[in-house]
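Numbers restart at 1 for each chain; the letters A, B, ... are given by sequence-line order, proteins then strands.
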Amino acid sequence: MDVKKILSSQLNIDGVSQDEIYAMITETANSDLGDFSLPCFRFAKALKKSPVQIAEQLKESFGGCQIVKEVRAVNGYLNFFVDNTVLAYSVLAEARQENFGASEVGKGKTVCIDYSSINIAKPFHIGHLGTTAIGGSLYKLLKKQGYDVVGINHLGDWGTQFGKLIVAYDLWGDKEKIEQGGVEALQEIYVKFHREEETNPELTEQARRWFAKIEQGDERALQLFGWFKDITLKEVNKIYKRLNVTFDSYAGESFYNDKMQPVLDELESKGLVKVSDGAKIVDLEEYGMSPCLLVKADGATLYATRDLAAAYYRKNTYDFYKSLYVVAYQQNLHFKQVFKVLELLGNDWAKDCIHVAYGMVSLAEGSMSTRKGNVVWLSKVLDSAVEKAKQIIHDKNPALKDKDDVAEKIGVGAVIFSALQNARIKDITFSLDKVLNFEGETCPYLQYTYARTNSVLNKAGNAINARIAPDFDSLQSDESKQLVKLINKYPSVIADAAEKYEPSILSKYLIDLAQAYNKFYIGHRILDEELSRQIPRLYATDAVNKIIKDGLALLGIDVPEQM
RNA sequence: GUGCCUGUAGCUCAGCAGGAUAGAGCAACGGCCUUCUAAGCCGUGGGUCAGGGGUUCGAAUCCCUUCAGGCACGCCA
């Protein structure tokens, strides 16, 4: 229930719209002062009265409603005290409904999300965790908001590195070894190629020729290329499954090979193309940007050219309302350029293309480099996290059922959560120790709280459905009030997270909710109470149970029923 | 050099379409399990919100500026 809306609808101030009043009502930091507050200072000039007078007047004219217990005018603030019995009654009823938190604001609109976008034959390392986890969560958040969502894995499946890989395979590759070793085995020969290449430029030349053969459709070249692709996808799909991430399209770079020329033609016909040092560019100087490179001096297309073709393809195919690119902030300029070129081409939908940038992942030990083979494989990080979870289960709850399943959920959840708990723009120095810390503001803490609510609900049996009038007066403590308020916020938190493309808003909220519940749990016996007082507490427990499960699912994280 | 991003407790971060006394977690120290899961809860200490100026009744939040760190800036993606 939107308390601010109820309050603002009861307030009338000359020359100020209801929406403006709504926006000005804040939650009060100090609960002694009330639950919600309207500062009246800004109205002083227009009304030619002091804020103190205005607050007094508003207090007098406030019609009153069930939810408000008391209104006070204090030092120019109009403070509202909410009646928690009434609030708890309606909030807990809402929270028990099936689709609590869902919305239909996106109904009939399609959002494309380009995320994860891995490279073929390259390791899935912790650097890919950010885009995969953020994109995967946005996918679910936007669906929850009613949008049709298209998840696109823009595969990096084009470029001279595939020529290199073929050369490396012919020289040092072993079919069986690679079938078994997968991407890691491919990486080995790739890294070797780069070492050898430094002293033997002939290799570089050979690689170039092989890549040209792929382009020309040479049978053997395509066959090997397809094989590398299969190996990679097979392996990566296992990780996606663990991360609860899905895609609707794997149209990658190679897919756009035959779709760039029409875009280039259009650019030419609109007079946007310039030739500079033999390369074709779009000059963006008047917009304060360096030029967007379209075609190299040797005639080859570039990254930006493919992104332009992809943008058109997505618009034509999906008629998107928004098209998101979950890509690290290193590429800020690139996307600014591409979007500007789309705009210069006269596409009003250019404004709907949004670069959802996120921070860098670095290692405490130094930078990652695929070529040097200095990477932290995500599958290994997931495995260590699961291993750690197993150890802790062994220490704390050796009698637990389905230990392996629970450990998987806890371990993988911890890793995903580490990528989603902070604002996405923040850089991350990856530390396994930190990911493996299971105490405090962590995913295991949320899962533990969920398991705790499960335990209470199971022990309560059918009491929650007893035909006895619940006594909501039993939720008057500060802890209860705090908890009810947070439960009430869930739908707006999802809306906010979806609107800002920021899953961390949800992560932070879930931590707050779990903290509030744990305080409530410690401070209030639930099952010892008589039924009429027990039921509201079970409602609250049930709401927390559902929200944590649903909220974590929106982050791509599973919950164990017990732990 | 230019543009963008970041700077809040020892560490990691919330708070930033301005509102009342700046909040969590980790780490440290001290408490709470014969009672619903102690992966929990309570308490203690810890702050020039990077520095300076400005706007405002009011600034961590907006503007200017300086400093520090990161990223990007033509033929990689």
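Relative to the side chain of E439(A), the nucleotides rA39(B), rU21(B), rU37(B) differ in distance, and rA39(B) lies closest. The side chain of Y445(A) approaches rC41(B) more closely than any other nucleotide in the set rA38(B), rG3(B), rC41(B). For D427(A), the side-chain atoms get nearest to rG70(B) when compared with the rest of rG70(B), rA38(B), rG19(B). In this structure, the nucleotide among rC36(B), rU21(B), rA14(B) sitting nearest to the side chain of R525(A) is rC36(B). Relative to the side chain of Q331(A), the nucleotides rA77(B), rU21(B), rA39(B) differ in distance, and rA77(B) lies closest. With distances taken from any side-chain atom of D277(A) to the nucleotides rC75(B), rA14(B), rC36(B), the minimum falls on rC75(B). Closest contact between the side chain of L33(A) and the listed nucleotides rC41(B), rC13(B), rA20(B) involves rA20(B).
Here, rA24(B) and rC63(B) have their P atoms 29 Å apart, quoted to the whole Å. rC26(B) and rU66(B) have their C1' atoms separated by 33 Å, with the value rounded to a whole Å. Here the separation of rA50(B) from rA59(B), taken at their P atoms, is 15 Å to the nearest Å. The separation of rG58(B) from rC71(B), taken at their P atoms, amounts to 40 Å, rounded to a whole angstrom. The same atom, C1', is picked in rA9(B) and in rU44(B); the two are 15 Å apart, to the nearest Å. To the nearest whole angstrom, the two C1' atoms, one in rG69(B) and one in rG30(B), are 38 Å apart. As rounded to the nearest Å, rG3(B) and rG40(B) have C1' atoms that lie 49 Å from one another. Nucleotides rA28(B) and rC67(B) place their C1' atoms 32 Å apart, quoted to the nearest Å.
Atom CD of Q330(A) and atom C1' of rC4(B) are 13 Å apart (whole Å). As rounded to whole Å, 12 Å separates atom C1' of rC62(B) from atom CZ of R42(A). L436(A) places its CG atom 14 Å from the P atom of rA27(B), with the value rounded to the nearest Å. Atom pair N437(A):CG and rC11(B):P shows a separation of 18 Å (rounding to whole Å applied). rG23(B) atom C1' lies 14 Å from atom CG of L486(A), rounded to whole Å. Per the geometry, NE2 belonging to H334(A) stands 14 Å off P belonging to rC76(B), to the nearest Å. Rounded to a whole Å, the CD atom of E285(A) is 17 Å from the P atom of rC73(B). Atom-to-atom, CG of L432(A) to C1' of rU12(B) comes out at 16 Å; the value is rounded to the nearest Å.
Remark: D528(A) engages R525(A) in a salt bridge, criterion side-chain N to carboxylate O under 4.0 Å. With salt bridges taken as basic N to acidic carboxylate O contacts below 4.0 Å, none links R42(A) and E20(A).
Among the atoms of the strands shown, base atoms are found under 4.0 Å from some heavy atom of M563(A). Residue I281(A) is classed as a base contact, given a heavy-atom separation below 4.0 Å to a base. Backbone-only contact: N422(A) has heavy atoms under 4.0 Å from sugar-phosphate atoms and none from a base. Here L302(A) lies in heavy-atom contact (under 4.0 Å) with sugar-phosphate atoms only. In this structure, L333(A) reaches the sugar-phosphate backbone alone: every heavy-atom distance under 4.0 Å involves primed, P, OP1 or OP2 atoms, never a base. Nucleic acid contact class of I393(A) (heavy atoms, under 4.0 Å, all strands): base. Residue contacts for Y329(A): at a heavy-atom cut-off of 4.0 Å it reaches the sugar-phosphate backbone alone, with no base atom in range. Using a 4.0 Å heavy-atom criterion, one finds that T160(A) contacts no nucleic acid atom at all. Across all strands shown, A423(A) has heavy atoms under 4.0 Å from sugar-phosphate atoms exclusively, and none from any base. No contact: Q447(A) has no heavy atom under 4.0 Å from any strand. Residue contacts for H154(A): at a heavy-atom cut-off of 4.0 Å it reaches no nucleic acid atom on any strand shown.
At the phosphate of rC42(B), OP1 or OP2 sits under 4.0 Å from a side-chain N or O atom of K519(A). For the pair R452(A) and rA39(B), the criterion of a side-chain N or O lying under 4.0 Å from OP1 or OP2 is not met. At least one side-chain nitrogen or oxygen of K296(A) sits closer than 4.0 Å to the OP1 or OP2 atom of rC76(B). Of the side-chain N and O atoms in Y517(A), none sit less than 4.0 angstrom from OP1 or OP2 of rC36(B). Here K508(A) does not reach the OP1 or OP2 of rG15(B): none of its side-chain N or O atoms lies under 4.0 Å away. Side-chain N/O atoms of K426(A) include one lying less than 4.0 angstrom from OP1 or OP2 on rG7(B).
Evaluation of atom-type donor-acceptor distances gives a pair under 3.5 Å for the side chain of N79(A) against the base of rA20(B). One can find a donor-acceptor pair under 3.5 Å joining the base of rG74(B) and the side-chain atoms of S276(A). S290(A) contributes no side-chain N or O that forms a donor-acceptor pair with the base of rA72(B) under 3.5 Å.
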*Yes or no on ring pair (Phe, Tyr, Trp, His ring centres under 6.0 Å) for Y190(A) and F228(A), after CA distance, side-chain angles and deciding distance?*
CA-CA 12 Å; Y190(A) 185 70; F228(A) 297 149; over 10 Å; no

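Taking D433(A) as the reference, S431(A) meet the side chain to side chain contact (heavy atoms under 4.5 Å, CB included) condition, with sequence neighbours excluded.
Each of I522(A) and N397(A) has a nearest nucleotide on RNA chain B; the 5'-most of these lies closest to N397(A). If you find the closest nucleotide of RNA chain B to I511(A) and to A29(A), the one lying nearer the 5' end belongs to A29(A).
Note: Y445(A) and F417(A) fail the aromatic proximity criterion, with ring centroids not under 6.0 Å apart.
To the nearest 0.5 Å, atoms CG (L7(A)) and OH (Y22(A)) are separated by 10.0 Å.
The side-chain ring of Y77(A) is stacked on the base of rA20(B), judged by centre separation under 5.5 angstrom and plane angle under 30 degrees.
Although no hydrogens or angles enter the test, the distance criterion places no donor-acceptor pair under 3.5 Å between the side chain of E502(A) and the main chain of A423(A). For the pair T131(A) (side chain) and V326(A) (backbone), a donor-acceptor distance under 3.5 Å is present. Without hydrogens or angle criteria, N79(A) side chain to S37(A) main chain gives no donor-acceptor distance under 3.5 Å.
Applying the Watson-Crick and G-U wobble criteria (two distances, each under 3.5 Å), rC32(B) pairs with rG40(B).
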